[in-house]
Amino acid sequence: MIEIQQLKKSFGDLLVWEDVSFNIHDGETMAIIGRSGCGKSVLLKHINALLEPDSGKVLIDGSNIFEFDYVDKRIMRQKFGVLFQGSALFDSINTFENVAFPLRYFTNQTEAEIRDNVMQSLEYVNLENAADKETSELSGGMRKRVGIARAIVLKPEYIMYDEPTSGLDPKTADEINELINSMTDTLDITSIVVTHDMHSVLEVADKVAFLDEGKLSWTGAVEDMKSSDHRELISFIKASEYQI
Amino acid sequence: MHYLNELGKYSSLLYQALRSSTEFSTYRKNLFQELVKVGYDSVPIIMLTGIFTGSVMTLQSAYQLQSAFIPLSTIGAIVSESILIELAAVISSLVLAGKVGARVATELGTMRVSEQIDALESMGFNSVSFLVVPRVLAGILMFPVLYIVASVFGIAGGVAAGFFSGQVPPADFLQGARMYFYPWNVIFGFVKMIVFGFIITSVSCYKGYFARGGAEGVGKSTTDATVLGCILVLLADFLLAALLL
C-alpha cells in the first residue's frame with residue numbers, strides 16, 4: 001500500500017502543489033489527473049523518490065521512503081516499473097536488450113533465462129516479433145509497449161505510467177489502455193496512471209486524484225467522479241469530452 | 001551567485017562519482033567501451049594533430065633560425081622539447097575537448113532530456129556510477145596514452161618536414177632532440193594529460209548530466225562543455241607550469 005501524506009513541493013519560489021494526501025491500495029489502479037503543467041509527473045516522481053518533497057511523506061508498506069538511505073532507495077525502486085512519457089528507451093541498444101537491461105544488472109540469470117523472461121515480457125505486449133528491431137525503427141505505440149515490457153520484466157509490485165496514451169492515435173491508445181488493464185489483472189500489479197486523457201481514466205482507473213491550482217482538489221472512486229458536483233472537476237471532464 | 005551554485009553542483013557530482021567509484025561491477029562494461037571511444041577512436045585525429053604540429057613548428061623554426069652560427073640540430077632540440085613539454089599535451093587536449101568533450105556532453109544531455117537517466121534511476125541504478133565514473137576514468141587513463149601518440153607523431157612530423165623541405169637533415173634533427181631530452185619533461189606531459197583528461201571529461205559529464213530543455217538545451221550543454229573545457233585546460237596548463245617547472 002502506498003500512502004501519500006501532506007506532500008508539498010516547490011521549485012524555487014514556484015509552488016507546484018501542497019497538502020497532497022491520498023492512499024493507493026494494493027491491486028488498485030489510481031489515475032492522477034489535472035491540466036498540463038499542474039505537477040502530475042512531478043508527483044509521480046515523488047512516489048519512487050526520484051524527487052524529494054519540501055515536506056511530507058510517502059509511505060510504502062508503512063516505511064517513509066524519504067528516510068531511506070541511497071542503497072535502500074535503490075532497492076525500493078526495484079519494486080516499481082515505470083513507463084515514461086517518451087518511453088525513455090535506451091537508443092544505443094535494440095528492443096531485446098532494452099528489456100533485458102535490468103535483468104542483466106540486477107539478477108544472476110543465465111543467458112537462456114534472460115531470453116525466456118524477455119520474450120515472455122514482449123509477448124505480454126504483443127511484440128515478440130520486434131525483439132531484434134532497433135528502437136529507432138519502432139512507432140510511438142510500439143515504443144510505449146516496449147517501455148511497458150521493460151517495466152514489468154523484473155516483476156514489480158507497482159507500475160507507474162506517465163501519460164501512457166499521449167501522442168497516440170485513438171486505436172493505439174485503446175490498445176495501451178487494454179494492456180494496462182491486462183497487466184493489472186494478469187500480473188496483480190498496483191498501477192498509478194498520470195494522464196489528462198479522460199477516456200483512458202474511464203477505461204483503466206478504479207480511483208482518481210485530481211490536481212488543480214496547487215492542491216489535491218478531489219479524490220475518490222471513478223463512479224463517484226461521474227456523479228460529483230465538484231465544479232473544477234466537472235469543467236475538466238467536460239473539456240475532455242468536448243475534445244473527443 | 002550563479003557561478004557558486006554551478007561550482008557546488010559540479011563538486012557534488014564529483015563527490016558522488018568518487019563515492020560510487022567502488023561499484024566496479026556497475027560501470028565495468030561501460031568503462032571498456034569508453035576506453036575504446038576516448039582512446040582508440042581518437043588516435044587518428046591525434047596522429048594528424050601531432051604530425052601537423054611538428055611539421056609546422058619545424059618549418060617555422062628553420063625560417064626563424066636561419067644563421068650560419070646556429071647549428072641545425074638546434075631546430076630538432078627546440079621542436080622536440082616544445083612538443084614534449086607543451087604542444088603534444090595542450091593542442092591534443094584542445095582537439096579532444098571538441099571530440100571527446102562534445103560527445104560526452106551530447107550523449108548525457110540527450111539521455112537527460114529524453115528521461116533515460118530517470119529511467120536508469122527508477123530501475124535502481126546509480127546513474128552517476130553507471131554514466132559519469134567510466135567516462136571520467138577513461139579520460140584520466142587514455143589522455144596520457146594519446147600524449148604518447150601525439151609526441152611520437154609530432155617529432156616524426158618534424159623530422160619529415162625538415163627532410164622533405166631540405167632544411168634540416170633527419171640526423172641533425174634527431175641529434176638535437178636527443179641532446180636536450182629531459183625525462184622530467186615527459187613526466188610533466190603525463191601529469192598535464194591526466195589533469196586535462198579529468199577536466200574535459202568531468203566538465204562534459206557535468207554539463208550533459210544537468211542539461212535541460214530539449215534539443216536546444218543539449219546543444220547549449222555541448223557548446224558550454226567544449227568552451228569551458230578549453231578554457232579550463234589553458235588555465236590548468238598555466239597553473240601546472242607555475243607549480244611544477
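Below, chains carry the letters A, B, ... as their sequence lines are ordered, and counting in each starts from 1.
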For the interface with chain A, which of B/M111, B/E23, B/K29 has the highest count of heavy-atom pairs at distances below 4.5 Å?
B/E23
Answer yes or no: are there more than 12 heavy-atom neighbours, outside [X] itself, under 6.0 Å from its atom [atom1]?
X	atom1	value
B/Y15	OH	no
B/F52	CZ	no
B/Y40	OH	no
B/E216	CD	no
A/R35	CZ	no
B/K99	NZ	yes
B/R212	CZ	no

Nearest heavy-atom contact between B/D118 and A/K45 is OD2-NZ, 3.0 Å
Specify the closest pair of heavy atoms between B/L120 and A/F90, including all atoms of both residues, with the distance to one decimal.
CD2-CZ, 3.7 Å
How many angstroms lie between atom OG of B/S122 and atom CD1 of A/I47, to the nearest 0.5 angstrom?
13.0 Å
Do B/S114 and A/F84 come within less than 4.5 Å of each other through their side chains, counting heavy atoms only?
no
Quick one: does A/L89's side chain get under 4.5 Å of B/Q116's, heavy atoms only?
no
Short N-O contact, A/K73 and B/E121, less than 4.0 angstrom:
no
Name of the residue among A/R150, A/R74, A/Q78, A/R77 meeting side chain to side chain contact (heavy atoms under 4.5 Å, CB included) with B/M123:
A/R150
Are the aromatic rings of B/F130 and A/F101 close, with centres under 6.0 Å apart?
yes
Heavy-atom pairs under 4.5 Å with chain B - which of A/V82, A/L154, A/L50 has more of them than the others?
A/L50
